[in-house]
Structures are given as structure tokens and as C-alpha cells.
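Structure first, commentary second.
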Amino acid sequence: MLEFTTEFSMLWWVIAVLAVAWFVMWIYKSQQSVFGRKGTEILRVLRIVSLALLLFLLLKPELYIKKLEEKPRTLVWAVDHSRSMVMSKDSTDVGKLPTFLQTIADRVKGNLEVDVISFGSKVSENPDFNFNQPFTDGYAWIKHLQDTRFDNEIAAVVLVSDGIFNFGYSPEYFVHELKVPIHVVAVGDTTQFPDASIYSVVYPKKVLPNTEFEIEIIAKALYLENIPLKIRLKGEGTNREIATFRPTSSSESRSFKTFIKSIKPGIHRYSVTIDPVSKEKNTRNNTYVFYVEVIDERSKVLIIEEMKHPDMGVLREYFSKNTQCELISVKPDSLRFLNSNFDYVIVHSPAHPQTFAFLQKNNALPVLLISGFGTDPGGLSKLIGRDVTRFSREDKAYPIANDNFYKISSVNFLSIYPLPPLDVFYYIPNVKAEDVLCYQKINGINTTKPLISLLETDRKIALFHGEGLWKWKNKLQMEGDSNSLDLFFLKVTRWLIQSEKKKPLEIVLPEKIQPEDKLLVRAYVFDQTNLPVSNAKVSIIFTDSAGKKFEYSFAREGSVYTASAHNFTPGTYRWKAEAELAGEKQTESGILIVEENDLEISDLVANHDKLRKIAKNTEGKFYLISKMDELEKDLLAQNYLPLLREKTQKIRLIEWWPFFAIVLILLTAEWFLRRYLGSY
């Protein structure tokens, strides 16, 4: 299929050709006596056609040639790279996977293309087969294939896993979305051994000194009916037995609560241990370690009670659990009588005149504001200094994290979980990308509309552009994640009460990492006018509990400085960063916690039933890793239809030699005919 396009209108070419034709007709009219009538007509046609073709080039024409091509479809191997894959009796067969995959790729070449991806705590297109991932996200590889592969590109997927998915969503409920057969190669030992474990501990991250805080311990027991299991707590200022867990069934989980008295400020290590029993194969999951920071600070928070809303219930629950805050609630009519100073204020759907009058009077008071259905757009516009447009009907906006946001450290749950949408009733333009914590995804399309913004004008404003945070809370609780939202509010409220003037040196790094994680640290250096500086010398030193120091230098990327570190052992590290600019030094310090709990060893029993369900739900087949030869035969026996793709070749006519060959032939023919007829 051929298509022509031109940069300029064809009308100009038609006018030019008519002018050239008239001129050629006039020239050859006087030479008709030399060439004769018939010869003259032929010469006119040759000259007009050749000049018309040359004039056509002035339109900058382009030729598009479209044709269908057959391309082999893809066989994707999704290989679980978590540590549990090499902790079973068939770990030798797992180690042979790279060789086997290369053999399969060679044998199906021409019929299928083979891609290999790995998954665990992350998805990689270049697997290293080290099997060192600290946990297994069973949904991430599905989403990765949906995002990176074209429709109908994948012929089939081979999933190699032990079925131990301990993070995110379990894949058996989502594999049908790929719309291809998924063949499963099962790894691991399904034999159930007696096992006692501390599955999880729910605890506050930060508390005040000389207060009691509650922790909740979730213990799990398999095949230990009627055996008393003692649970002990050890840490700063405490070393005691908490409870006795006596299971009544072959598989049982139970929750135990207790209180701990905080003493002096600092980060304190605690461990909860359940007694090991005989014949227990895995004892590494009998202890759970956690850290609590005791801080000596308290914030005074004002909640303006404009309306009753589930979102306010979420915020109240957070602040009631957070002992760092003193919470005061008032109706808008009572704001005129308030004389106390507050660290920040919280309001949902502000519409009352007294609310805006109070905020205008206290024009430096930071605000956490949820813009819901009842918000007064005029008052909101004056408050944030931007135009506000009200929609006739709300948008359902899903969160899309802004990876370049740096005002607070990463908010992982926005990317990890498919959260429900917020209801957005207003459009607020002209929000800078650097102020947007997350954007809106509407009807499956990523937009540049902000969903959560951290604005800095005369005051600091944490602005939620929609309502429905209670839906996020319910979703996270369903996922067993009761801490992410609390940590998010903690980061936002800390940002609100920070000094408006930027610190000369800002360091961004996570508060906690796993021992296998690669730590990425970002630094920002500012001059006296709060502008970023790109020629500073920046370094950071980590010091472990034994006093051993680890120093790293930062590399500059524009106005951002980055450093990476890895191979941290579990424990607490104090860090101190230093930036040197024009002989002056600025410092910043903090604490990094390297967690000691390992999800991959909490349960080492392979779940082949789940893997069989994945194969069955997608019309795939189930194989043990010891039967890989059967998988090879089945793959070679399949006749996968190729993928038809339309390929378009673009040719600029001025660069296409056949076009000039045609013009040359026409001009040459005219020259030979003129010579033949007795003239040059």
C-alpha cells in the first residue's frame, strides 16, 4: 500500500505546471517547422512531464510504503528470584535453569522468540539467577507484562516459582488478565513440618518518653496442637514473658497485645520470640525484631469541624494513636474565640465564612486541606492563590506517584497497591510538577492533573484535590498493611511544621531498608536565596552500633546529588552528611534502620495448589521442575501462529534514486529525439 504526503498544497504545483506547460508550448510553437507537428507534440510532452516532476520536489513529497510482516510471537519465562527458591531439596535443578532456558530458546527459534524476566521484590528484564530477592511480589510480574508487551505479542508464559507469594496481591486472581496460557514449573517442598513463628508485630514507629505504648503480636503455629508455646519480649527496659500460645488446631494464628514503657529518647531495639519446638525445620522465623524511636516533641493540632465525613474519621484515628499530637476540635462558629497557637490546622471541604476568616487572619498557619464536595471554590481559590473550577460531575481519579517528588521521602504504597479512586470535584491549574506528590489517572489515562500537592506560598498547604481517603484506609487494611497510611500522614504533618526557609542541606533517604536493598541517597544544597547549588562537594558517613564508619561521596546530576550504598547488616546506623561550598560546611544527620525480619524465611512450604490453580485458570499445564523434559516436548509440539505487524517505510522522494532515473530518462529521450529530428 502506497501513500503520498506533501508539505505544501498541491494547488501550487498545479499552478506551476500550468505555467510551465504554457511556456513550453510557446517555445516549441516556433520550432514546429523543424520537428514537424507530431515530433513537436512528443517533445512538448517529454519536456512538460520532466519539468512537472522536478517541480513536484519543491512540495517536499514523502512516500509511505505499508506492508504486513510476520513476526514470531514471544514465549515469556517469568522466574521467581526470591531466596526461598534455593532453600529446598530441588535447589540443584533450580541452578540448572539458565542452561535449560538457553536450550529451549535455541530449539524454538523461528517459531517463537524467548524472553526471560525475573521477579521478587522487583521485576527485571535481565535476570542474574542469583535468587537473592528478600520477598516475592506475586502480582508485579503480571503488571509488568501488561505495561511492556503489545496485545497478542505473547504466545504463552512459563511461570517458575515455589508458590510462596508474601507481598502484594496473590497472582491466581489476576493471571487471566494476560489472556494467554500460563504453564507452571513448580519448585520447592510441599511437606508440612511443625512450625512456630512470630508472623508480625504491629507497633508505633515513634512515641514520647515516659509513656506506655501498645504492641500487637501475631503468632502462628502449624501442627503443634495443645503444645504450650511461650512468647517473650526483650528490649530497652523490658525482658519478660508475655503469654502462652496453646494452639487448638493444626494451623492457627492468634493475636496477643501488651504494653511497653518508653524511657529515654533514642531508637530502641525490641525482639519478640516464640519458643522453638522439636522437629521444627525452620527456626529463623521464631523471632521478630522491631525498632521504636522515642522522641521528645509534641504538636498542637486544630481540626475545624465543618462536616461529618469518613475521611475525618481516618484522620482522627491517626491522631488519636499518635501520642506526639495534642488534638483540639472546634466548630467554625467558635473560631473567633480561639487565642491559642497551633502547629497546623486540618479542614475538610471548607465552606463556612468563619473558616476562611480564621485562615486569613492566621496567614502563616500550615493547613492540611481535603477539597471535597462541599468546598467553596471562591474561598479555596483565595486560600491557595490559584483559580479553582468546579466540575458538573466528579472525576474518579486513581493515584499515580510522581517519582521526581522530593519534599518528603518516598510514599511506597501509592505504587505498590492498586488503590481505589478519590472523588475529585475541582480542577486547579498551574500547580508546579515539583509540588505534586501524585497525579490523577482518569479512565485509564495518566494525566498531569495533581491529586495530592504540597504547596508553599505564604503558608504551607498539604492539599488533597479529592475526597475518599477512607477507601484507601480500607484497601490497605485488606492488604494487611496498617502502617503505610499512618507513615504517610506522619511525613506530611512533619513537612507542614518544618521551617519555611529551606535548610542549606537536605538529605532524602528511606527510614528503613532490608539488608539486601541498595540504598539510594539524594542530597539538595541551597544557597542563601534558597536556590539549588550544583557545585558543592557532598559526602555521607554511616556509623553502626559498634562505631564502625562507612563513608560515601555523592555524584552530581544537575542540581541533585546522589550516592548509593549496599551490603548493610541488620541494625541501626547513625548517618551524618556534609556539604562543602566556597569553604563553608553544612551538615545534616539522622538514623537508618536495616530491618532484621525476613519474609522469605517466615514460611518455606511451597504452595503447589496455588500454582496448579494458576495453570488451570489460564488453560496452561503444571509441571514439576524435575519434569522439565515434558515441558520442552509440549512447547515444541505447539504450532504458534506468527504475529502480523504493519510496517511502514518512509521515503523522501528527493532521496529516492528511481525518481531521478525517470526524470533523466525523460530528458535524455527529449535530447535524442531533438537530435534525431535535426536539432540540438
Side-chain angles (χ1 to χ4, degrees), residues 139 143 146-147 168-169 174 177 306-307 309-315 318 346-351 367-381 383-408 410-455 461-479 481 484-489 491-492 495:
Y139 174 71
K143 187 175 187 303
Q146 290 175 319
D147 293 341
Y169 294 105
F174 301 95
E177 296 177 359
E306 282 260 358
M307 62 181 299
H309 195 279
D311 287 352
M312 297 302 290
V314 173
L315 293 171
Y318 163 71
I346 298 172
V347 61
H348 192 299
S349 302
V367 182
L368 191 158
L369 191 154
I370 300 174
S371 175
F373 175 78
T375 303
D376 173 26
L380 179 60
S381 178
L383 181 65
I384 65 176
R386 290 169 173 82
D387 294 333
V388 176
T389 303
R390 175 67 187 257
F391 298 150
S392 58
R393 54 180 293 179
E394 76 275 11
D395 279 338
K396 300 292 184 181
Y398 295 85
I400 300 295
N402 179 6
D403 295 332
N404 296 319
F405 188 76
Y406 68 88
K407 291 186 179 181
I408 63 176
S410 60
V411 185
N412 293 329
F413 76 92
L414 292 173
S415 302
I416 293 174
Y417 303 107
L419 297 169
L422 298 185
D423 298 325
V424 178
F425 301 91
Y426 304 89
Y427 173 57
I428 302 174
N430 302 323
V431 179
K432 298 178 182 178
E434 64 194 47
D435 295 333
V436 180
L437 191 150
C438 65
Y439 293 102
Q440 300 180 29
K441 182 177 183 180
I442 303 173
N443 296 326
I445 300 174
N446 294 357
T447 73
T448 56
K449 296 179 180 179
L451 186 60
I452 303 176
S453 305
L454 300 188
L455 307 174
I461 302 176
L463 177 61
F464 293 78
H465 295 246
E467 63 183 18
L469 295 177
W470 62 272
K471 294 184 287 187
W472 287 9
K473 176 178 179 294
N474 291 345
K475 181 64 176 178
L476 292 170
Q477 285 185 336
M478 289 174 60
E479 297 298 330
D481 187 346
S484 287
L485 200 59
D486 287 352
L487 181 59
F488 168 64
F489 285 129
K491 292 178 179 180
V492 170
W495 173 81

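- Summarising the geometry of Gly372 relative to Phe425, their closest heavy-atom pair is C-CD1, 3.9 Å, with the distance given to 0.1 Å.
- When all heavy atoms of Ser484 and Asp481 are compared, the pair lying nearest together is OG-OD2, 2.5 Å.
- Judged by distance alone, with hydrogens and angles left aside, the side-chain atoms of Asp311 form a donor-acceptor pair with the main-chain N or O of Gly468 at under 3.5 Å.
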task = Could you give me the CA-CA distance, side-chain angles and deciding distance for Leu451 and Tyr398, then say whether side chain to side chain contact (heavy atoms under 4.5 Å, CB included) is met?
result = CA-CA 8 Å; Leu451 186 60; Tyr398 295 85; over 6 Å; no

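- Note that NZ of Lys432 is 10.5 Å distant from CG of Leu455, once rounded to the nearest 0.5 Å.
- Side-chain atoms of Ser453 never come within 3.5 Å of backbone atoms of Val436 as a donor-acceptor pair (strictly under, hydrogens ignored).
- In this structure, the side chains of Tyr439 and Val431 stay at 4.5 Å or more apart for every pair of heavy atoms.
- Looking only at side-chain heavy atoms (C-beta outward), Ile428 and Leu463 come within less than 4.5 Å of each other.
- Judged by distance alone, the side chain of Lys407 and the main-chain N or O of Trp495 form no donor-acceptor pair under 3.5 Å.
- Atom-to-atom distance recorded for Met312:CE and Leu469:CG is 10.5 Å, nearest 0.5 angstrom.
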inquiry  = Would Leu369 and Ile384 count as a side chain to side chain contact (heavy atoms under 4.5 Å, CB included) here? Give the steps.
reply    = CA-CA 10 Å; Leu369 191 154; Ile384 65 176; 5.7 Å; no

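- Residues Phe488 and Ile452 meet the side-chain proximity criterion, which asks for heavy atoms closer than 4.5 Å.
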ask   = Where do Trp472 and Val314 land on the side chain to side chain contact (heavy atoms under 4.5 Å, CB included) test, with the steps shown first?
value = CA-CA 10 Å; Trp472 287 9; Val314 173; over 6 Å; no

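- Here the CD1 atom belonging to Ile442 is positioned 5.0 Å from the OG1 atom belonging to Thr447, to the nearest 0.5 angstrom.
- Closest approach of Leu414 and Ala401 over heavy atoms only: CB-CB, 4.2 Å.
- Between Arg390 and Phe373 there is a side-chain heavy-atom pair separated by less than 4.5 Å.
- From Lys475, atom NZ reaches atom CG of Leu485 across 14.5 Å, with rounding to the nearest 0.5 Å.
- With hydrogens and angles ignored, the 3.5 Å screen pairs a side-chain donor or acceptor of Tyr426 with a backbone N or O of Thr375.
- Between Ser349 and Glu467 the shortest side-chain heavy-atom distance falls below 4.5 Å.
- Closest non-hydrogen pair, Pro350 versus Ile370, comes out as CD-O, 4.1 Å.
- Not one N or O on the side chain of Asp387 forms a donor-acceptor pair closer than 3.5 Å with the backbone of Pro429.
- For the residue pair Cys438 and Pro399, the shortest heavy atom distance occurs at SG-CB, 4.2 Å.
- Looking at Leu422 and His465, their side chains never come closer than 4.5 Å, going by heavy atoms from C-beta outward.
- Heavy-atom neighbours of Lys471 NZ from other residues, nucleotides or ligands within 6.0 Å: above the threshold of 12.
- Residue Asn430 places its CG atom among 12 or fewer non-hydrogen atoms of other residues, nucleotides or ligands, all under 6.0 Å distant.
- Expressed to the nearest 0.5 Å, how far CG of Leu380 lies from CZ of Arg386 amounts to 10.5 Å.
- One finds the CG atom of Asp376 at 10.5 Å from the OG atom of Ser371 (value rounded to the nearest 0.5 Å).
- Using cut-offs of 30° and 60° on the angle between ring planes, the pair Tyr139 and Tyr169 is perpendicular.
- For the pair Val424 and Lys449, the minimum side-chain heavy-atom distance is 4.5 Å or more.
- Within the 4.5 Å cutoff, the side chain of Glu306 has no heavy atoms near those of the His348 side chain.
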